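These notes are about the structure you will find just below.
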There are 2 protein chains.
Amino acid sequence: MPTREPSETRILSVASEHLRLHGLRRFTVVAVAEEAGMTHANVYRYFPSRAALVDAVVDLWLKATERRLADIADGPDPADDKLERLILALARANRDLLSEDPHLFAALSQAVAKRHAISRRNRARVRALFERVIDEGIASGAFEPRDRDKAIAYVIDATHRFIHPASLELEADVPQASVDARLSTLIRVALRVLSTGIV
Amino acid sequence: MPTREPSETRILSVASEHLRLHGLRRFTVVAVAEEAGMTHANVYRYFPSRAALVDAVVDLWLKATERRLADIADGPDPADDKLERLILALARANRDLLSEDPHLFAALSQAVAKRHAISRRNRARVRALFERVIDEGIASGAFEPRDRDKAIAYVIDATHRFIHPASLELEADVPQASVDARLSTLIRVALRVLSTGIV
DNA sequence: AAAATTACAAGTTACGAATTTTGTTATTTG
DNA sequence: CAAATAACAAAATTCGTAACTTGTAATTTT
């Protein structure tokens, strides 16, 4: 992890706050710079564009979430436990962001929809975590899929509804308990499907 | 099915063409009326608002799709076959609309996102078809789920990614063959899950 | 020399006036 | 009297312009 310069950190934290409070629409480089106590031109010494600054804010959240997921994947527990917790943690992280910080969620959602580099990379890294845990399960004998690649695609496709921002937005008003119940059914099924070689 | 008056039919067909060619943004009651050879005020004799006219166009497509799904559900084949064809037909209908008529797809997508009555009702009817076929499978012994309601929710949630407009838009550029392969894995798994009582 | 500022061109947004569209009602037509 | 139109108010959209924001380059500060 590169050490950030103090000004860069300051800009980032002001930008985060600004995005959270005012949303993408009203997020301006001029306002961020002013609140960070500098002229807007100086912001461009650290971030090449407004879009890059917004992406950096989103990336901060993505990386923090990734770290929590990696902690699960790196844990000593059985692979099926870890896969379950991985899916739940990812689903909850996104869902909590939607309810607790809608503006940042919207920015993330856009980054995903428009396939920004940060979201493509995040997606690749999260997918790698899933692959690692599933491979670990195969190695330990907990999972016995007929086709490893299809098994991975299956897990990702089946859980999509509870993980992808675009799908989460659709159910913002459904009681969390009901969503949780459906997700846990889905996970339970996925684990059995992986362990019994259905996929 | 109520017999429509000739003017109403004419308006609807001009409106369909207009929506398909120009999209929601440029779809105006005035232009539709003009092309249908009448003043815009007369359109309001048949449709209470611009929004209602757009919804009527979308509903035309939804109903046509529903009829094809109902034909499958009403067929004499085994329930597992019918469920597979139901899911495939629904996924393909939406996917084909996206590629062949993006403007109508966008209008449908909005109706779904904004929970218009037409889309809520369509959803309820399509869900009822799924329930019917699954119940039929339970009656015939082809499916033996532990919990019927959870089984239905599972099928709908797991296939969501390949059926819901918001999710389909995300994969517009993925080769159809690859999407089809993933969907058929998902369906195969779902059928086994239903038949073996995993859910 | 690094960090910041000033100054400026290019692009975007905000805003009010003009126009168009929506939706209603009273009236005409066949 | 059913179908359509004309006429109109209210709402939405477009258009042009002013203000602001973005991004760059030359200059100043520390």
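Since the structure is predicted, the reported quantities are computational estimates derived from the model, not experimental observations. Numbered from 1 within each chain, the chains take letters A, B, ... in sequence-line order.
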| task | Rounded to the nearest angstrom, tell me the gap between atom CG in A:L53 and atom C1' in D:dG23. | result | 13 Å

| How close or far is atom P of D:dA6 from atom NE2 of B:H40, stated in whole angstroms? | 11 Å

| Do we see a donor-acceptor contact under 3.5 Å between the side chains of A:E169 and A:S109? | yes

| Rounded distance (Å) that lies between atom P of C:dT22 and atom CZ of B:F47 | 14 Å

| query | Atom CZ of B:R25 and atom P of C:dT20: how far apart are they, to the nearest Å? | reply | 17 Å

| query | Of all the choices, C:dT22, D:dA3, C:dA4, which nucleotide is nearest to the side chain of B:T28 once you look at every atom? | reply | C:dT22

| task | Take atom OH of B:Y44 and atom P of D:dA11, then tell me their distance rounded to the nearest Å. | result | 14 Å

| said: Without decimals, in angstroms, what is the distance between A:I11 CD1 and C:dA4 C1'? | reply: 11 Å

| Backbone N or O of B:F27 within a donor-acceptor pair of the B:R50 side chain at under 3.5 Å? | yes

| message | Counting the atoms with a prime plus P, OP1 and OP2 as sugar-phosphate, which does A:T39 contact under 4.0 Å by heavy atoms, base, sugar-phosphate, or nothing? | response | base

Would you give me the side-chain donor-acceptor pairs under 3.5 Å for residues 79-90 of chain A, sequence neighbours excluded?
| unit_1 | atom_1 | unit_2 | atom_2 | d |
| --- | --- | --- | --- | --- |
| A:K82 | NZ | A:A73 | O | 2.7 |
| A:K82 | NZ | A:G75 | O | 2.8 |
| A:K82 | NZ | A:E136 | OE1 | 3.2 |
| A:K82 | NZ | A:E136 | OE2 | 3.0 |
| A:R85 | NH1 | A:D77 | OD2 | 3.2 |

| request: Give a yes or no on whether B:R121 atom CZ has more than 12 heavy-atom contacts from other residues, nucleotides or ligands under 6.0 Å away. | output: no

| When all nucleic acid strands are considered with a 4.0 Å heavy-atom cut-off, which category describes A:R26: base, sugar-phosphate, or nothing? | nothing

| request: Verify side chain to side chain contact (heavy atoms under 4.5 Å, CB included) between B:E171 and B:L98, making sure each step is shown before the conclusion. | output: CA-CA 10 Å; B:E171 299 213 292; B:L98 171 58; over 6 Å; no

| query | Is any side-chain nitrogen or oxygen of A:R50 closer than 4.0 Å to OP1 or OP2 of C:dG11? | reply | no

| Among C:dT5, D:dT5, C:dT22, which is the nearest nucleotide to the side chain of B:A41? | D:dT5

| task | Could you tell me whether the phosphate oxygens of D:dA4, OP1 or OP2, come under 4.0 Å of any side-chain nitrogen or oxygen in B:S7? | result | yes

| said: Check this one for me: any side-chain N or O of A:R45 less than 4.0 Å away from OP1 or OP2 of D:dG23? | reply: no

| field | Gap between atoms CD and P, on A:E34 and C:dT5 respectively (whole Å) | value | 12 Å

| request: Have a look at A:V29 and say if it touches a base, only the backbone sugar-phosphate, or nothing, with a 4.0 Å heavy-atom cut-off. | output: sugar-phosphate

| CD of B:E8 versus C1' of D:dA2: gap in Å, rounded? | 14 Å

